[in-house]
Amino acid sequence: MRKTAAVPVLALLLLTGCTDAGSDASPQTASPSASSSAGQSAGQPAEADEAAEATEEQICSELLGADGKGPLYQAISLMRIEDGTFGFVGSPEAAGAVDETLRGLAADAPPVLEPQLAGLTQAVGGVLALAEPSTGAAVTFDPFAWTDTIGDILAVCARYEVGLAKPAAEGASAAYPGYPMVVNASSVDYRVAAWFSGRLMDGRLVALAPGLYGPYNPDVPDLSLYYVSTTVAGDSAVKQAVFPGSGGTASWSGVRPGTEEP
């Protein structure tokens with residue numbers, strides 16, 4: 001395994017496939033009149049777009065929180081979904097607090113997040129029914145709607161996730177027989193697939209360890225180069241084993257190996 005002295009450059013390469021960040025950045029000139037005209041005709045839409053983008057980033061940042069502890073992570077942790085079954089694994093108090101926070105964020109959500117947050121608050125209502133069955137409320141939790149909604153939000157907000165750059169543990173690539181290996185994103189946990197949604201070059205990932213993944217780039221065939229903590233997502237315990245001290249971003253409990261893994 002190679003050391004990553006230039007982590008930001010490699011991370012950019014793995015996520016975008018771009019190796020020449022300056023190739024499209026050659027300076028352009030424009031006449032004052034053209035610039036003035038463009039500013040007058042397009043100034044307000046550009047400002048509106050910028051404001052909308054900032055609002056999206058703000059809401060996503062609040063959902064994600066710091067170090068994987070935001071309300072979206074908290075909501076995900078309330079439910080166990082595996083092997084065709086589901087169950088509530090939190091406390092009624094925790095579920096109620098998450099529900100209140102998400103409803104507050106939904107009230108201020110930009111259009112791009114309105115349907116996802118509306119779906120999430122509705123799904124959390126089903127979680128509350130599971131959390132307090134003694135109330136007699138009908139259980140309306142739909143695990144398929146839950147995974148779809150969580151996936152949609154992660155797909156929008158993952159680009160605002162900021163992880164800690166940490167080196168891989170010594171011998172990490174040799175600690176798990178059969179790894180690293182290339183797998184299809186469709187074969188892995190829904191949370192991981194959603195986190196990488198729209199950012200994969202050919203729909204494939206590098207499985208670095210059971211339940212831990214990085215984005216595959218066909219132009220980087222050396223799989224030992226994918227041990228970069230800021231570009232991985234997967235099981236929280238495995239992530240900490242491979243990247244000690246890397247924090248809780250882009251990691252969740254119970255992420256099992258995909259169907260194409262050993």
Side-chain angles (χ1 to χ4, degrees), residues 1-4 6-19 64 67-68 73 76-77 80-84 147-148 150-151 154-155 157-159 161-262:
M1 176 179 22
R2 302 183 184 179
K3 302 299 182 181
T4 55
V7 168
V9 175
L10 180 56
L12 176 65
L13 174 62
L14 294 181
L15 282 173
T16 68
C18 177
T19 59
L64 297 169
D67 197 25
Y73 281 97
I76 293 172
S77 70
R80 173 191 53 77
I81 300 178
E82 59 185 22
D83 299 332
T147 56
D148 286 346
I150 294 294
L154 284 174
C157 291
R159 60 190 173 127
E161 186 84 278
V162 179
L164 298 175
K166 293 289 183 179
E170 191 68 29
S173 61
Y176 305 95
Y179 294 87
M181 63 182 297
V182 179
V183 299
N184 288 298
S186 58
S187 71
V188 305
D189 186 282
Y190 77 96
R191 294 164 290 187
V192 174
W195 196 83
F196 286 113
S197 178
R199 299 191 291 167
L200 299 177
M201 297 185 68
D202 64 357
R204 292 188 290 174
L205 297 164
V206 176
L208 303 171
L212 187 67
Y213 309 88
Y216 180 62
N217 183 342
D219 295 327
V220 185
D222 185 351
L223 300 186
S224 68
L225 296 177
Y226 289 84
Y227 287 85
V228 181
S229 64
T230 53
T231 65
V232 303
D235 185 79
S236 53
V238 176
K239 184 186 177 191
Q240 289 307 307
V242 176
F243 298 101
S246 59
T249 57
S251 61
W252 309 271
S253 63
V255 178
R256 295 186 173 185
T259 57
E260 299 176 359
E261 296 167 58

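Computed from a predicted structure; not experimentally measured.
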Which value, rounded to the nearest 0.5 Å, describes the distance between [X] atom [atom1] and [Y] atom [atom2]?
{"X": "S229", "Y": "Q240", "atom1": "OG", "atom2": "CD", "result": "10.0 Å"}
{"X": "N184", "Y": "E260", "atom1": "CG", "atom2": "CD", "result": "4.5 Å"}
{"X": "Y226", "Y": "T231", "atom1": "OH", "atom2": "OG1", "result": "9.5 Å"}
{"X": "D67", "Y": "T249", "atom1": "CG", "atom2": "OG1", "result": "6.5 Å"}
{"X": "D189", "Y": "Y213", "atom1": "CG", "atom2": "OH", "result": "7.5 Å"}

With heavy-atom distances below 4.5 Å as the criterion, would you say the side chains of [X] and [Y] are in contact?
{"X": "F243", "Y": "S251", "result": "no"}
{"X": "D148", "Y": "Y190", "result": "no"}
{"X": "P180", "Y": "Y227", "result": "yes"}

Please find the pair of heavy atoms, one from [X] and one from [Y], that lie closest to each other, and give the distance.
{"X": "Y176", "Y": "L208", "value": "CD1-O, 4.5 Å"}
{"X": "P218", "Y": "D202", "value": "CG-OD2, 3.5 Å"}
{"X": "G178", "Y": "P262", "value": "CA-CG, 4.4 Å"}
{"X": "G163", "Y": "T230", "value": "O-CG2, 3.7 Å"}
{"X": "G211", "Y": "E261", "value": "N-OE1, 3.7 Å"}
{"X": "P167", "Y": "P244", "value": "O-CD, 4.1 Å"}

**Request:** Evaluate side chain to side chain contact (heavy atoms under 4.5 Å, CB included) for Y179 paired with L223, printing each intermediate quantity in order.
**Result:** CA-CA 9 Å; Y179 294 87; L223 300 186; over 6 Å; no
**Asked** Would you find a donor on one side and an acceptor on the other, under 3.5 Å apart, between the side chain of E161 and the backbone of L64?
**Response** no
**Prompt:** Just by modelled atom types, is the G254 backbone N or O under 3.5 Å from a matching donor or acceptor in the D235 side chain?
**Reply:** yes
**Asked** Any idea how Y73 and W252 line up, ring-wise: parallel (<30°), tilted (30 to 60°), or perpendicular (>60°)?
**Response** parallel
**Residue of the set L212, V192, V232 for which side chain to side chain contact (heavy atoms under 4.5 Å, CB included) holds with L205** = V192
